[in-house]
Amino acid sequence: MVLVTDLDGTLLGGTPDDRKRLRDALAHHPDVIPVFATGRGASSVRELLHDPLVPRPRWVIGDVGATVLDGTGFTPVGPVQEALRAGWPGAGPVRAALRRFPGLVYQHGVAQDGRCSYHLAPDRLTDALTSAVEALGCAWVYSGDRYFDVLPPTASKGNALRALAAELGWRPSEILVAGDSLNDLSLFRLGAHGVVVPGAEPALLAALADTPLVHRPEEAGAAGIHAALRRLGWLPAGQGLPAGPGRSAAGPGRTAAGRPTAPGRTAVGRRHSLVVAYHRPPLHWDGDDWRQPSSPNGILPTLTSAFADGLPGIWVTASVGGAAQADRPHPTGLPLSAVPVDAATWTGYFHRACKETLWPVLMSEPERLVLDERAWADYRTVNARFARHIDARAAPGATVWLHDYNLWLVPGLLRRLRPDLRTGLFHHTPFPAPETFAALPVAAELRRSLACLDWAGFHTPEFADRFRRTLAGLPGPPRTAVHPLGVDRSAVEALVRRRVRAPGPAAVRVVLSVERLDYAKAPVQKVDAFERLLARRPELRGRTVFRLVCPPPEPGITAYDLTRQHLEQRVAEVNDSWRQGSWQPVDYLPHRLSPARVIDEYLAADVLWVTSFQDGMNLTAKEFVAARSPLFRRSAEPGVLVLSRHTGAAAELGGPALLTDPHSPEDLSTVLGRALDLSPADRRARMERLSELLGREQPAEWAARIVRAIRACPDPAPPPAR
């Protein structure tokens, strides 16, 4: 399905909440492809995308139909745009020929390409003026009782959409067009579904009065578009999430093999042989609807896939907001069991203790550590609630699989409550060196609890060795194992196949980073390094862009505020220093993209630049390889992976990837320059080897292996003396 929408007065209309609701709906339903059809030029649309409430378009029809761009790289769709501009005499001859009409006021402050835009009062729209335009071999459109656009003879929003639809194989029944002014009228002439928002130009309403496929909602702007999408059934009328990566293709309520499950079951009231515990649920309630993870990979999609594929047991997770929230029906079909946590306790536990006390140590930056005694009390409280919840739901001799540092105190509590359980923990984060771990004021308390594990898993041998050395000297240390997590290649490949076509050669090369805002990802250092490269290599200016997709953390986490401020300052400084015309070196996108949009960015990128100071694995690097693998993308030139040597992924992919050291500013710039200089043959050889190393193990298979490893541990030892 394709949503083709005007911007001003239409998509940008309504309240901020309306716009947010539509943005989120599109993000969670990537089968609905957004296309902007606007009077704005390319530079104006790009600037607009810095607004986090504006969804990123897959295609852009700009300049009132004279421009057609691929929304991923903002490159022209060559054959389509050339055909639309055929016969255009150029802005100079048009302006010279129309200079004799004093009522025309040229819009000097508006970026224009392939058209000329004027202000014109209604009484100045004369036959003499329109005849002069037609004598030039041009078309014209007048809208809003103010805007007079002179266009190439066949250019219009409707003709641009018709050409784009023919190029991409869209049928009118698959298209919804939205608009509010006469320059949108041509969109409604294609026989597609339509929506005219309140406040639309009366002339448009009159022209469409007898058109049966046009919806006229009561809601303004974005809310009206949202209502039309729901009326068509393209968005669900009730709560629910679409099938997608990490979820059964059969949809909610069925396993991946199509077997029925019990939607929304909570599995309360029975005991289970397997209890999986992770502090995050596979989706969250935002007050209006359930929301799924923003990535097709990671621990949440992995556990979702494992349970959907028949992993027996129960998934214990936090529900922030109290017992009422915990009991709210959910559409996953997963055996979730919620631990209610009030908002204040969650803030102390996650925002403070996890992110300000433990996270800096995990990232080997103990100088950032802040210990708040009240927050640490909240950490103990949440871990105790998880332990009691697991105790109440675990069958005798059951297996418990914990995830990550957020539940480090649960093993010790379970050993005292339930010495019959086998307990394992997988660390998705890096594990610090013993001397760094010792910087924690609560290190002894944590070591005692971690020593009560039966099994501990890690992404790399180095992390496993650090863990063993940290617990050295304690009795009965747990077994350790290395099980690096991969990505769901079939899910990534399915998203790639659903994108309408491979990107063609771009005039501007793209260096891409996709990462949440975190000082550990070295975002500021990357901006500095890119500027250093521009200073050294003038030939890259105007021809290379660093696109940084960097969504903020969840609201309430203040640990990254300084990083965000510094990053935004450096992005502005670098762009101000090096901007040339419509080109600026750093394209900063400070908001989340849907999985489908991330795939678009992977396909458009020449280089993926991963520069973490520390990283447990970095699945973004693996997603990029899966998306760009020449095994099924032979028509596209392979991208280059530049990977921090301090990521877990470097242990697997460090041969054909170009390794870089984010601690060295010189190395960051040098290795990036080398990546841009690689020959096509070298790029392809490296990508082919990366694809081989990536393998095809499904995340659900990874999960099953770990459960077997925990169950293979010897009978649990008795609890330690207190």
Side-chain angles (χ1 to χ4, degrees), residues 72-73 295-298 459-460 484-489 492-493 495-496 502-503 506 509-516 520-523 525-526 529-530 533 544-550 598-634 636-662 664 667-696:
T72 302
S295 171
N297 289 292
H459 287 302
T460 71
L485 177 61
V487 297
D488 188 342
R489 289 190 72 166
V492 173
E493 291 169 7
L495 278 172
V496 171
R509 306 179 74 186
V510 176
V511 176
L512 174 68
S513 290
V514 181
E515 60 201 23
R516 71 182 184 278
K521 305 292 185 180
Q525 288 78 3
K526 272 195 285 236
F530 190 67
L533 191 61
T544 307
V545 168
F546 172 34
R547 180 168 297 141
L548 176 58
V549 180
C550 194
V598 173
I599 293 297
D600 284 341
E601 296 294 350
Y602 290 154
L603 296 180
D606 296 274
V607 177
L608 182 73
W609 201 15
V610 179
T611 63
S612 312
F613 288 125
Q614 288 286 325
D615 222 329
M617 173 51 67
N618 194 278
L619 293 178
T620 298
K622 293 189 173 185
E623 284 181 356
F624 177 73
V625 173
R628 296 299 294 266
S629 170
L631 297 180
F632 62 98
R633 298 295 294 178
R634 296 187 183 279
E637 182 176 323
V640 180
L641 175 61
V642 176
L643 187 59
S644 166
R645 58 182 70 249
H646 303 293
T647 62
E652 298 177 78
L653 308 179
L658 295 181
L659 294 184
T660 191
D661 186 356
S664 167
D667 190 72
L668 279 177
S669 297
T670 300
V671 175
L672 178 59
R674 181 185 168 201
L676 291 168
D677 292 339
L678 288 180
S679 68
D682 197 354
R683 294 159 72 97
R684 184 166 294 279
R686 288 176 179 274
M687 186 56 71
E688 288 176 349
R689 180 59 181 147
L690 285 168
S691 181
E692 293 171 1
L693 292 173
L694 187 61
R696 301 201 68 90

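Separating the CD atom in Glu652 from the CG atom in Leu693 is a distance of 8.0 Å, to the nearest 0.5 Å. Atoms OG1 and CZ, from Thr647 and Phe613 in turn, are 13.5 Å apart once rounded to the nearest 0.5 Å. One distance of note links CG of Leu672 with OG1 of Thr660; it measures 8.5 Å at 0.5 Å rounding. Atom CZ of Arg684 and atom OG of Ser679 lie 11.0 Å apart (nearest 0.5 Å). If you take CG on Leu653 and CZ on Arg689, they are separated by 10.0 Å, rounding to the nearest 0.5 Å. A distance of 4.0 Å separates CZ in Arg489 from OG in Ser691, rounded to the nearest 0.5 Å.
Between the side chains of Ser612 and Asp615, at least one donor-acceptor pair of N or O atoms lies under 3.5 Å.
Between Val492 and Ala627, the shortest heavy-atom distance links the atoms CG1-N, 3.8 Å. Taking all atoms of both residues into account, the shortest heavy-atom contact from Pro484 to Met617 is CB-CE, 3.6 Å. Shown here for Val642 and Ala675, the closest heavy-atom pair between the two residues is CG2-CB, 3.5 Å. Asp661 and Asp667 get closest at one heavy-atom pair: N-OD2, 2.7 Å. Ala621 and Leu641 make their closest contact through CB-CD1, 3.9 Å (heavy atoms, listed as atom of the first residue, atom of the second, distance). Annotation for Ser644 and Ala650: closest pair O-CB, 3.5 Å, computed over non-hydrogen atoms.
Looking only at side-chain heavy atoms (C-beta outward), Val607 and Leu658 stay at 4.5 Å or farther from each other. Residues Leu659 and Val671 fail the side-chain proximity criterion, which asks for heavy atoms closer than 4.5 Å. Two residues are said to be in side-chain contact when any heavy atoms from C-beta on lie closer than 4.5 Å; Tyr602 and Thr620 meet this criterion. Proximity of Phe624 to Glu601: side-chain heavy atoms (C-beta onward) are nowhere separated by under 4.5 Å. Contact check for Glu515 versus Asn618: no side-chain heavy atoms found under the 4.5 Å cut-off.
In terms of the side-chain contact (heavy atoms from CB on, under 4.5 Å) criterion, residue partners of Arg516 (sequence neighbours excluded) are, by chain and number, Trp359, Asp518, Lys521. Taking Gln614 as the reference, nothing meets the side-chain hydrogen bond (donor to acceptor under 3.5 Å, both in side chains) condition, with sequence neighbours excluded. Applying the ring pair (Phe, Tyr, Trp, His ring centres under 6.0 Å) rule to Phe530 yields the partners Phe546; only residues at least two apart in sequence or on another chain are considered. With sequence neighbours excluded, the residues that form a side-chain hydrogen bond (donor to acceptor under 3.5 Å, both in side chains) with Ser669 are Arg532. Applying the side-chain hydrogen bond (donor to acceptor under 3.5 Å, both in side chains) test to Thr611 and every residue at least two apart in sequence or in another chain returns Lys526.
For residues 674-683, the salt bridge (charged side-chain N to carboxylate O under 4.0 Å, His left out) pairs, not counting sequence neighbours, are Arg537-Asp677, Asp606-Arg683, Glu637-Arg683, Asp682-Arg686.
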For Val545 and Arg509, what are the C-alpha separation, side-chain angles and deciding distance, and is it a side-chain contact (heavy atoms from CB on, under 4.5 Å)?
CA-CA 6 Å; Val545 168; Arg509 306 179 74 186; over 6 Å; no
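Arg547 contributes no side-chain N or O that, together with a main-chain N or O of Ala605, makes up a donor-acceptor pair within less than 3.5 Å.
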